[in-house]
Amino acid sequence: MQNFVNKSDDKKTPYETARNCRHYAMCKIDFLGSGVCESGLEKQFVSFYPQGRMILYEALAGNKISVTQKCIEIAGSCNLCGKCDYQCYFLNEMRPTKVMEALKNHVETYIKNGGKIKLSKDDDLLAEIKKIVGDNWATNDEAITVTYSHDLSAISDPKVPDYVVMPNTKEEISSLVKLFNKNKITYTIRGNGQNLLGFAINDGVIIDLNRMKTIEFDEKNWLVKVGPGVTAFDLQKQAQKRGYRINASEPAALLCANIMCSGIMSTFSTTYGINADNFINAEFVNHSGSLFNLNEISSPNLYSYKNLQHKDSPGICVSASIRLHPVTDDEKGILVPFETLNNALDFIKDCSVRHIGLALGIVGAEYISTFLSPTKKMASEIKNIFVDKLNIPWLVVVIGDKYAIRSISEMGFPFFDQNMFKSLYLGLPSLKTAQWLDLVKELSDDEPYSYLKVKSFAELFETALSPSPRLYSQEVDKELSPFFEKLFSRQEMTDLVWLNMYRIMSTRLGRKKPFLPALIYLPIDNDLINDFSDKFRLIAEKHGIDNDFGFITPIDNGKRCIFEYDFFYDYNDPDEIQRIRQVAMESNMLIDDYSVKTGTVKGHPYVLYQGFCRKENLLYS
């Protein structure tokens with residue numbers, strides 16, 4: 001592996017880069033096939049992954065903590081291989097390797113100058129914890145604990161826990177819960193720290209579930225039983241090898257935590273459903289330390305849903321039996337362009353009612369440009385081209401078999417097929433300077449996008465863009481270009497089906513700034529959706545917060561949809577943090593008001609700890 005230290009065009013200092021870590025935990029999964037940090041795989045604590053080292057360096061450079069024994073071990077465990085540069089640049093256009101080098105230099109300089117190493121001593125509680133999980137899997141060393149002080153929330157402030165513990169079995173979790181109850185110690189369960197409401201942090205004990213990665217396929221019953229440490233990406237990969245698909249959310253999300261906190265949703269929810277549609281059974285350790293599963297008559301009723309109420313956690317989910325779905329060999333992806341949101345809404349509702357397509361989703365120009373572009377600068381340029389030159393402010397992503405794609409063609413809608421999408425993706429740099437773009441509108445006559453129906457257009461389109469992995473990779477830092485050229489030579493990186501299954505591109509959305517989504521379940525009512533969009537925009541503009549339309553996916557045969565609207569903010573700006581909190585409060589008040597007024601609108605924050613509910617109870621009760 002080539003060493004990339006100090007070669008980046010990124011002008012940020014290591015401290016600035018560390019402060020801007022997005023905390024998405026994508027460095028913990030091998031989503032690019034470039035490998036994962038070896039020390040992270042061995043030691044498991046987040047501190048030994050690039051994300052953790054970024055937080056650790058920020059804390060050291062900001063004089064928030066001292067150099068400890070674990071700090072020395074963490075810094076020394078990094079071999080500056082550069083894997084994290086591939087991953088983080090792909091998502092956020094950042095180069096963490098220089099932070100890793102700065103961390104090593106900081107620790108080495110501190111020791112060389114005679115700095116005193118802070119020793120962490122076992123107290124009585126930690127000794128008891130270690131009896132349960134083993135000496136290597138519990139600590140109060142602040143080089144570990146400080147890396148668990150953050151999550152994705154804009155609402156809560158960081159909290160450094162007193163202890164971090166990593167159990168490996170449900171029996172260990174049960175014993176831990178009983179121990180903490182006995183000693184009146186607060187604890188919080190942590191997946192990969194992607195909670196948006198601040199529920200993955202705590203100043204007592206953090207129970208990190210990442211060691212519990214069991215995967216047991218039961219193909220005859222179309223299910224796979226997973227431990228709480230299994231990510232959506234890793235399970236999808238294993239399912240695909242066997243010819244199946246799961247419905248999965250963000251790739252680094254742990255499935256059990258994802259179901260518990262929000263219920264699984266994706267563009268495939270059009271067909272596969274949400275919440276309880278996605279699992280067969282689940283097992284829990286309750287607050288007293290006892291085990292129960294949802295198939296027991298005496299178990300709590302987690303299939304119910306209470307609107308406008310924040311419910312307490314039912315316990316710790318220690319396994320879930322996830323549904324497997326069949327996959328056919330003729331699945332393809334297409335992009336259907338629209339001039340207006342209303343036309344796109346009519347289309348997805350019609351398709352959903354008619355059961356056309358496995359996955360459907362409306363995305364706006366912000367999503368389109370961000371997903372496709374390798375850099376922030378290009379994303380801004382491409383967004384303008386899509387809106388101003390191509391007159392495509394809206395796209396509907398459709399994944400379906402040959403019969404679904406044929407049906408859409410017979411319905412008369414022009415679309416970009418898989419081959420044209422690949423040309424568009426890998427030819428993106430050429431799109432910036434393509435002089436023929438001004439002629440596109442003239443080719444459409446009276447019907448928007450009719451040029452897509454011209455048989456020769458696809459060939460002309462490819463010739464004009466001259467797409468290639470090399471062309472695309474020229475837009476990234478020079479040192480990374482060879483890797484990106486090789487990466488985009490792989491078929492799956494331009495395959496709409498694969499990209500939607502694994503949801504790799506959606507994590508690019510926070511590249512410009514971290515974002516806070518407003519998520520709603522509501523009918524596919526054009527006036528209602530436009531009203532929400534307008535009012536979300538006005539709330540954001542009032543407080544000076546960047547904002548944009550996220551996505552809409554139809555569910556339950558077109559009777560409802562999932563709508564996301566996104567607010568972007570700088571979490572290193574205290575003033576902007578206060579403003580995004582105000583936006584969050586006013587947006588939630590707006591959703592609650594519509595929920596009471598209509599009886600059909602449901603706000604996503606109330607799904608917290610109700611993710612196991614039946615969708616019928618969520619959507620219609």
Side-chain angles (χ1 to χ4, degrees), residues 20 22-24 26 91-93 151-155 194-198 249-253 261-262 265-267 269 341 344-345 361-373 376 379-380 382-383 386-387 393-397 500 503-522 528-553 561-573 576-591 594 601-605 607:
N20 281 282
R22 296 296 190 256
H23 310 300
Y24 290 161
M26 290 292 285
L91 298 172
N92 301 311
E93 207 176 337
D151 64 5
L152 291 178
S153 174
I155 300 170
Q194 295 184 310
N195 190 280
L196 292 166
L197 298 173
S249 293
E250 300 303 328
C261 292
S262 61
M265 65 178 76
S266 75
T267 54
S269 290
L341 176 58
L345 288 168
I362 301 175
V363 291
E366 178 69 25
Y367 258 48
I368 298 165
S369 58
T370 301
F371 289 1
L372 295 180
S373 304
K376 294 187 286 288
S380 177
I382 294 302
K383 179 179 179 180
F386 265 91
V387 175
W394 307 97
L395 278 172
V396 174
V397 181
N500 275 270
R503 296 188 62 174
I504 299 303
M505 296 307 181
S506 63
T507 49
R508 276 181 167 173
L509 186 60
R511 179 170 56 191
K512 180 171 61 176
K513 282 184 176 181
F515 68 100
L516 181 69
L519 273 164
I520 326 169
Y521 304 92
L522 73 172
L528 181 61
I529 290 170
N530 279 287
D531 198 26
F532 264 116
S533 292
D534 291 341
K535 289 180 177 177
F536 283 145
R537 176 177 52 80
L538 290 173
I539 289 171
E541 289 177 352
K542 180 174 70 172
H543 296 287
I545 293 294
D546 292 340
N547 63 99
D548 216 314
F549 180 97
F551 71 88
I552 289 179
T553 288
C561 69
I562 304 165
F563 175 29
E564 177 178 312
Y565 196 94
D566 296 313
F567 306 103
F568 301 88
Y569 66 99
D570 180 355
Y571 54 47
N572 290 314
D573 183 339
E576 202 155 320
I577 287 291
Q578 293 306 313
R579 286 185 279 126
I580 190 67
R581 289 175 178 175
Q582 192 67 29
V583 167
M585 182 182 72
E586 293 181 22
S587 298
N588 286 333
M589 289 172 62
L590 175 69
I591 297 169
Y594 271 86
V601 173
K602 303 294 173 69
H604 189 260
V607 181

At what distance, to the nearest 0.5 angstrom, does [atom1] of [X] lie from [atom2] of [Y]?
{"X": "Asp546", "Y": "Ile580", "atom1": "CG", "atom2": "CD1", "answer": "9.5 Å"}
{"X": "Lys383", "Y": "Glu366", "atom1": "NZ", "atom2": "CD", "answer": "4.0 Å"}
{"X": "Gln582", "Y": "Ile577", "atom1": "CD", "atom2": "CD1", "answer": "13.5 Å"}

Identify the two heavy atoms, one from [X] and one from [Y], that lie closest to each other, and give their separation to 0.1 Å.
{"X": "Val396", "Y": "Ala344", "value": "CG2-CB, 4.0 Å"}
{"X": "Tyr24", "Y": "Gly510", "value": "OH-CA, 3.3 Å"}
{"X": "Phe567", "Y": "Ser587", "value": "CZ-OG, 3.5 Å"}
{"X": "Ile552", "Y": "Phe563", "value": "CG1-CD1, 3.4 Å"}
{"X": "Leu519", "Y": "Met265", "value": "CD2-SD, 4.3 Å"}

Lys/Arg N to Asp/Glu carboxylate O, Lys512 vs Asp548, below 4.0 Å: no

Ion pair check, Glu576 and Arg581, cut-off under 4.0 Å: no

Can you find a heavy atom in the side chain of [X] that is under 4.5 Å from one in the side chain of [Y]?
{"X": "Ser266", "Y": "Thr553", "result": "no"}
{"X": "Pro514", "Y": "Tyr569", "result": "yes"}
{"X": "Tyr565", "Y": "Phe532", "result": "no"}
{"X": "Ser369", "Y": "Phe371", "result": "no"}
{"X": "Ile562", "Y": "Tyr521", "result": "yes"}
{"X": "Leu341", "Y": "Asn530", "result": "yes"}
{"X": "Phe568", "Y": "Ile545", "result": "no"}
{"X": "Ile362", "Y": "Tyr367", "result": "no"}

Below 3.5 Å, can you tabulate the donor-acceptor pairs from side chains in residues 537-544 to any protein atom, sequence neighbours excluded?
residue	atom	partner	partner atom	Å
Lys542	NZ	Glu586	OE1	2.9
His543	NE2	Glu586	OE1	3.4
His543	NE2	Glu586	OE2	2.8

Partners passing side-chain contact (heavy atoms from CB on, under 4.5 Å) against Pro251 (at least two apart in sequence or in another chain): Met26, Ile29, Phe233, Arg503, Ile504, Thr507

Sidechain-backbone polar pair: [X] side chain, [Y] backbone, donor-acceptor under 3.5 Å:
{"X": "Ser373", "Y": "Thr370", "value": "no"}
{"X": "Arg22", "Y": "Asn92", "value": "no"}
{"X": "Asp566", "Y": "Glu564", "value": "no"}

Might you work through the side-chain contact (heavy atoms from CB on, under 4.5 Å) test for Phe536 and Leu590, ending with a clear yes or no? CA-CA 9 Å; Phe536 283 145; Leu590 175 69; 3.9 Å; yes

Would you say the side chains of Lys602 and Tyr594 form a donor-acceptor pair under 3.5 Å? no

Take atom CE in Met589; do more than 12 heavy atoms of anything else shown fall under 6.0 Å from it? no

Apply ring pair (Phe, Tyr, Trp, His ring centres under 6.0 Å) to the pair Phe551 and Phe549, showing each step before the final yes or no. CA-CA 6 Å; Phe551 71 88; Phe549 180 97; 8.3 Å; no

